[in-house]
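Protein chains get the first letters and strands the later ones, always in sequence-line order, with residue 1 at the start of each.
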2 protein chains.
Amino acid sequence: MRRLHRAPALDAAAIERAVEHLNQTVREHGLKTSSVRNAVARAALRHQGHFSVDDLVRDVREGGLADAHPATVYRVLPLLVEAGLLQVTLMSARDGARYERAFEREHHDHLICTSCGKVVEFQFEAIELLQLDVAKKFGFHLTSHFHELLGTCKECRSSSGAAAAGR
Amino acid sequence: MRRLHRAPALDAAAIERAVEHLNQTVREHGLKTSSVRNAVARAALRHQGHFSVDDLVRDVREGGLADAHPATVYRVLPLLVEAGLLQVTLMSARDGARYERAFEREHHDHLICTSCGKVVEFQFEAIELLQLDVAKKFGFHLTSHFHELLGTCKECRSSSGAAAAGR
DNA sequence: CTTCCTGCAAAGGCTTTGCAAAGCT
DNA sequence: AGCTTTGCAAAGCCTTTGCAGGAAG
């Protein structure tokens with residue numbers, strides 16, 4: 001089992017590789033490429049960590065190269081996911097979808113502190129294998145999974161006297 | 001690893017035990033007991049399987065004993081969860097919260113067919129233990145988790161020629 | 001020039017909240 | 001009585017959708 005190093009930011013070349021990959025998917029669908037969509041993709045790929053749709057809208061604007069309306073971002077996101085650039089994550093957040101980069105990145109799951117919101121990404125091959133056993137036993141072909149461990153981190157527990165009572 | 005038998009319906013005595021437990025929690029919070037809340041609790045406990053807030057509102061009404069406004073059900077649900085009668089489930093459903101009975105019921109996780117919606121409940125002690133290892137390694141104290149495996153079931157794959165193309 | 005994409009505004013669906021009336025202790 | 005709970009309606013959020021103008025091929 002290991003903790004994932006914070007995902008390093010993609011360099012410019014990798015981002016362009018991802019955009020090219022996206023546009024290939026776009027063509028395969030008989031759609032047209034678009035500079036706005038590519039700007040959204042670049043902003044999303046530049047983002048480190050988890051982000052909300054709003055975050056992404058802001059990032060695109062701050063990127064300065066283009067502006068994307070929220071509705072457009074909502075329309076573009078499913079395609080970025082299908083192309084493998086992003087993936088939906090942090091399912092337990094009940095206040096809007098969260099995404100994170102999936103392109104050129106290892107699979108991982110999350111450990112979330114319900115007190116301070118800290119998120120630790122971990123990778124545990126043994127669990128992945130056992131999941132396959134479960135799927136096999138019940139005749140399922142797995143396409144994805146969500147596994148989130150919720151609890152309190154060491155810091156929150158030690159500063160608990162007052163902090164824990166407050167929450 | 002084992003598949004969970006469909007959760008047997010709670011008998012009348014168990015339901016009353018649960019309601020009594022709920023009211024004890026209510027008193028501990030310095031709140032007042034209420035017949036509407038108890039009616040919601042009974043309807044929820046009578047429900048087999050997973051249900052939405054709307055389902056529950058309907059169940060209460062069809063129970064005939066009382067009527068609960070949706071807003072009231074939304075207000076009551078967190079208390080039923082805190083008292084351990086229910087738990088939030090099927091986090092990957094992005095169209096509204098789902099609940100299921102937790103009172104006098106074993107822990108389990110879900111295998112979900114993304115094609116037909118079938119949900120299989122399984123229990124796998126080995127995975128549970130490995131989760132504890134993860135928590136320990138990162139200094140977390142786990143309070144809950146959810147683990148959902150998404151894929152396609154055998155039936156959907158075999159009737160795939162046409163069906164899979166449609167979805 | 002035909003088809004797709006985008007921005008805008010409006011609508012949708014789930015959930016929360018303010019308030020006055022009703023319920024519990 | 002005094003505080004909680006409830007119903008109702010309105011508001012809040014996130015997300016989706018219809019439409020007209022603009023971009024892409």
Side-chain angles (χ1 to χ4, degrees), chain A residues 19-20 22-44 50-61 63 65-83 86 88-99, chain B residues 19-20 22-44 50-61 63 65-83 86 88-99:
Chain A
V19 170
E20 180 42 42
L22 166 64
N23 287 329
Q24 189 166 321
T25 301
V26 163
R27 285 181 219 108
E28 284 167 4
H29 283 238
L31 303 178
K32 301 183 175 180
T33 58
S34 125
S35 57
V36 173
R37 183 165 46 215
N38 288 348
V40 173
R42 290 194 180 91
H50 313 99
F51 55 90
S52 67
V53 174
D54 250 27
D55 292 335
L56 183 51
V57 170
R58 254 191 301 279
D59 286 354
V60 175
R61 178 168 311 119
L65 312 146
D67 213 2
H69 193 277
T72 300
V73 172
Y74 276 107
R75 278 187 279 232
V76 164
L77 278 167
L79 208 47
L80 303 194
V81 170
E82 170 159 355
L86 301 181
V88 178
T89 191
L90 298 187
M91 306 300 291
S92 54
R94 294 266 87 181
D95 60 332
R98 297 296 149 77
Y99 294 82
Chain B
V19 171
E20 179 42 42
L22 166 64
N23 287 328
Q24 189 168 321
T25 301
V26 163
R27 284 182 221 109
E28 284 167 3
H29 283 237
L31 303 178
K32 300 185 175 179
T33 58
S34 126
S35 57
V36 173
R37 182 164 49 214
N38 288 349
V40 174
R42 290 195 180 91
H50 313 100
F51 54 90
S52 67
V53 175
D54 250 27
D55 292 335
L56 183 50
V57 170
R58 255 191 301 280
D59 286 354
V60 175
R61 178 169 310 118
L65 312 145
D67 215 1
H69 193 278
T72 300
V73 173
Y74 276 106
R75 278 187 279 232
V76 164
L77 278 168
L79 208 48
L80 303 194
V81 169
E82 170 159 354
L86 302 180
V88 177
T89 191
L90 299 186
M91 308 298 290
S92 54
R94 295 266 87 180
D95 60 329
R98 296 297 149 74
Y99 294 83

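Atom-to-atom, NE2 of A:His69 to P of D:dG21 comes out at 17 Å; the value is rounded to the nearest Å. Atom CG in B:Asn23 sits about 14 Å away from atom C1' in C:dG23, given to the nearest Å. Separating the CZ atom of B:Arg75 from the P atom of D:dA9 is a distance of 13 Å, rounded to the nearest angstrom. Across the protein-nucleic acid pair, A:Asp67 atom CG and C:dT6 atom C1' stand 11 Å apart, rounded to whole Å. The distance from atom CG of B:Asp95 to atom C1' of C:dG12 is 13 Å, rounded to the nearest whole Å.
Phosphate proximity of C:dT16 to B:Tyr74: absent, as no side-chain N or O sits under 4.0 Å from OP1 or OP2.
When each of C:dG7, C:dT15, D:dA9 is scored by its nearest atom to the side-chain atoms of B:Val53, the top-ranked nucleotide is C:dT15.
No contact: B:Asp54 has no heavy atom under 4.0 Å from any strand.
Rounded to the nearest 0.5 angstrom, B:Arg61 CZ and B:Leu56 CG are separated by 11.0 Å. Note that OG1 of B:Thr25 and CD of B:Glu20 are 9.5 Å apart. Values are rounded to the nearest 0.5 Å. A:Phe51 contributes atom CZ, which lies 11.0 Å from atom CZ of A:Arg98 (distance to the nearest 0.5 angstrom). Interatomic distance, A:Leu22 CG to A:Glu82 CD, rounded to the nearest 0.5 Å: 10.0 Å.
Defining each end axis of the helix from C:dC1-D:dG25 to C:dT25-D:dA1 as the rotation carrying four pairs' C1' atoms onto the next four, with five pairs an end, the two axes are found to diverge by 30° to 10 degrees.
In terms of modelled atom types and a separation under 3.5 Å, the side chain of A:Arg42 and the main chain of A:Val60 share no donor-acceptor contact. Between the side chain of A:Asp55 and the backbone N or O of A:Ser52 there is at least one donor-acceptor pair closer than 3.5 Å. Within the 3.5 Å criterion, the main-chain N or O of B:Met91 finds a donor-acceptor partner in the side chain of A:Arg94.
Annotation: side chain of A:Val88 is in contact with side chain of A:Tyr99 (closest heavy-atom distance under 4.5 Å).
For residues 24-40 of chain B, proximity to DNA chain C is found at B:Lys32, B:Thr33, B:Ser35, defined as any non-hydrogen atom under 4.0 angstrom from a strand atom.
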Kindly determine whether B:Asn38 and B:Ser35 satisfy side chain to side chain donor-acceptor pair (under 3.5 Å), including the steps that lead there.
CA-CA 5 Å; B:Asn38 288 349; B:Ser35 57; over 6 Å; no
